[in-house]
Amino acid sequence: MADLKSTFLNVYSVLKSELLNDPAFEFSDDARQWIDRMLDYNVPGGKLNRGLSVIDSYKLLKEGEALTDDEIFLASALGWCIEWLQAYFLVLDDIMDNSHTRRGQPCWFRVPKVGLIAANDGVLLRNHIPRILKNHFKGKPYYVDLLDLFNEVEFQTASGQMIDLITTLEGEKDLSKYTLTLHRRIVQYKTAYYSFYLPVACALLMAGENLDNHVDVKNILVEMGTYFQVQDDYLDCFGDPETIGKIGTDIEDFKCSWLVVKALELSNEQQKKILYEHYGKPDPANVAKVKALYNELNLQGVFEEYESQSYQKIVNSIEAHPSKAVQAVLKSFLAKIYKRQK
């Protein structure tokens, strides 16, 4: 895996150098230095799970055949397109949420002399994706399908972000809007398509598959993405900050979290009153009241039950798939997230 990661990072350097010498724009030294620094700051710094899983998935689809250097490069390039997409979302997301840190360093827009130039950097990051695709996939039979796929998933993600943002509007905080259906819609569109479906869809296209024949695969991956986000919501409150690397703030931020939705479902009138009074307030005393109620309702137990049911349902769907190679791809995804602690 370490070897795969270093190969993957080498491909980043190649793609970056192509973008810094893109013939469609006359770069000044200042412009080139800006893009160089902006890319290094925002693109390769995460866990790279989404990007690396394109290569993993493609390998599994080839059922043990050794990959050529060219195939590894192309799968890596697609993986980086997803990491670029992620960077674009995060740069803009941090501005919208007025966040302070990301991946253990200041958000890009908080860096001195960057500020709201970061909004344009987000647009540039988005525009780099079709440049990379054009440079490396233009002659491929699935080129148009790739462009379509990225456009579609970007639209779904931005629409999910919109539902999330308008649900937590300042001054219009209304817990009665929070239902499992709303939570599921936000998660499905905001996270599941680009984090789970997109890497596998890229690998399927590279392997010569038609995505229209794999709607069941999309549905399973969206289900997995939903399960992943529920885990995230759970860890935000009950996870160990040392392990997950951040202190959860869903309660303070009035997030439509799976926990609050479940709490609303299970509460009696008295308990509901506590939620309405204390949820979404930054004062630690309010947060403590909400957490105490979560414990009273045994949300840890409720989550464990959800986790085992959800896992079983996903495993059954995967095992019903006719292709052993596709099953292997889906099982490897599931193994990475089942019972994770961070």
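Computed from a predicted model, the values in this text were never measured in an experiment.
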#### Entry: Partner of Tyr279 under side chain to side chain contact (heavy atoms under 4.5 Å, CB included), chosen from Val290, Asn286, Val287
Val290
### Task
From the options Leu52, Ile82, Leu78, select the one residue that forms a side chain to side chain contact (heavy atoms under 4.5 Å, CB included) with Pro199.
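Output: one option passes, namely Ile82.
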Answer with yes or no whether the hydrophobic clustering places [X] together with [Y]; edges join I, L, V, M, F, W, Y residues whose side-chain heavy atoms lie under 4.5 Å apart.
X	Y	answer
Val91	Met96	yes
Val123	Ile117	no
Leu90	Met162	no

Can you name the nearest heavy-atom pair linking [X] to [Y], along with the distance?
X	Y	answer
Ser267	Leu297	OG-CD1, 3.7 Å
Val187	Gly225	CG1-O, 3.9 Å
Val261	Cys256	CG2-SG, 4.1 Å
Leu205	Leu211	CD2-CG, 3.8 Å
Ala325	Leu60	CB-O, 3.7 Å
Val54	Cys202	CG1-CB, 4.1 Å

In Å and rounded to the nearest 0.5 Å, what is the [atom1] to [atom2] distance from [X] to [Y]?
X	Y	atom1	atom2	answer
Ile186	Ile166	CD1	CD1	9.0 Å
Leu15	Asn135	CG	CG	8.5 Å
Tyr142	Asn210	OH	CG	14.5 Å
Leu198	Gln86	CG	CD	11.0 Å
Lys190	Arg185	NZ	CZ	14.5 Å

Is any side-chain heavy atom of [X] less than 4.5 Å from a side-chain heavy atom of [Y]?
X	Y	answer
Lys291	Leu299	no
Asp236	Ser257	no
Phe333	Ser53	yes
Val14	Phe73	yes
Tyr178	His183	no
Trp80	Leu9	yes
Leu149	Val153	yes
Ile163	Leu182	yes

### Task
Walk me through it: do Arg37 and Val111 pass the test side-chain contact (heavy atoms from CB on, under 4.5 Å)?
CA-CA 12 Å; Arg37 173 175 170 234; Val111 171; 3.1 Å; yes
Measure from the side-chain N and O atoms of [X] to the backbone N and O of [Y], and report whether any donor-acceptor pair falls under 3.5 Å.
X	Y	answer
Ser310	Glu307	no
Asp97	Ser99	no
Arg102	Asn42	no

### Query
Hey, mind stepping through Ile318 and Met224 against side-chain contact (heavy atoms from CB on, under 4.5 Å) and telling me if it holds?
CA-CA 11 Å; Ile318 292 173; Met224 240 185 262; 4.1 Å; yes
### Salt-bridge present (Lys336, Asp56; N to O < 4.0 Å)
yes
Compute whether any side-chain donor of one residue and acceptor of the other, for [X] and [Y], lie under 3.5 angstrom apart.
X	Y	value
Gln327	Glu319	no
Ser176	Asp174	yes
Arg110	Asn98	yes

### Task
Look at atom CG of Asp240 and say whether more than 12 heavy atoms of other residues, nucleotides or ligands are closer to it than 6.0 Å.
yes
### Query
Are Tyr193 and Tyr189 an aromatic pair by the rule of ring centers under 6.0 Å?
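They qualify: ring centres under 6.0 Å apart.
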### Task
Would you please test Trp84 and Leu19 for side-chain contact (heavy atoms from CB on, under 4.5 Å) and show each step?
CA-CA 12 Å; Trp84 246 268; Leu19 291 165; 3.4 Å; yes
### Contact list for residues 294-329, test ring pair (Phe, Tyr, Trp, His ring centres under 6.0 Å), sequence neighbours left out
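For residues 294-329, and leaving out neighbouring residues, the ring pair (Phe, Tyr, Trp, His ring centres under 6.0 Å) pairs sorted by first residue read Tyr234-Phe303, Trp258-Tyr306, Tyr311-Tyr338.
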### Message
Per the ring pair (Phe, Tyr, Trp, His ring centres under 6.0 Å) rule, what does the pair list look like for residues 35-56, sequence neighbours excluded?
### Response
Tyr41-Trp108
### Message
Can you list everything that forms a salt bridge (Lys or Arg N to Asp or Glu O under 4.0 Å) with Glu154? Sequence neighbours excluded, please.
### Response
Arg126
### Query
Considering residues at least two apart in sequence or located in another chain, which fulfil the salt bridge (Lys or Arg N to Asp or Glu O under 4.0 Å) criterion with Glu305?
none
### Query
Who are the side-chain contact (heavy atoms from CB on, under 4.5 Å) partners of Ala285, not counting sequence neighbours?
Asp283
### Query
Which residues pass the side-chain contact (heavy atoms from CB on, under 4.5 Å) test with Ser13, sequence neighbours left out?
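Listed in chain order: nothing, the list is empty.
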#### Entry: Residue pairs passing the side chain to side chain donor-acceptor pair (under 3.5 Å) test where at least one lies in residues 26-35, sequence neighbours excluded
Trp34-Asp121
Just grab all the salt bridge (Lys or Arg N to Asp or Glu O under 4.0 Å) pairs involving [range], residues at least two apart or on different chains.
range	value
residues 8-19	Lys16-Asp36, Lys16-Asp40
residues 247-274	Asp164-Lys255, Lys262-Glu265
residues 133-153	none
residues 209-233	Arg184-Glu223, Glu223-Lys313, Asp232-Arg340

#### Entry: Test salt bridge (charged side-chain N to carboxylate O under 4.0 Å, His left out) applied to Lys62 and Glu71, step by step
CA-CA 11 Å; Lys62 298 295 277 185; Glu71 285 177 308; 3.5 Å; yes
#### Entry: Contacts of type ring-ring contact (aromatic ring centres under 6.0 Å, His included), residue Phe89, not counting sequence neighbours
Tyr194
### Message
Could you walk me through whether Leu125 and Val43 satisfy the side-chain contact (heavy atoms from CB on, under 4.5 Å) test, starting with their C-alpha distance in whole Å, then the side-chain angles of each, then the deciding distance to 0.1 Å, before giving a yes or no?
### Response
CA-CA 9 Å; Leu125 286 164; Val43 179; 3.8 Å; yes
### Aromatic plane relationship, Phe25 with Phe27 - under 30° parallel, 30 to 60° tilted, over 60° perpendicular
perpendicular
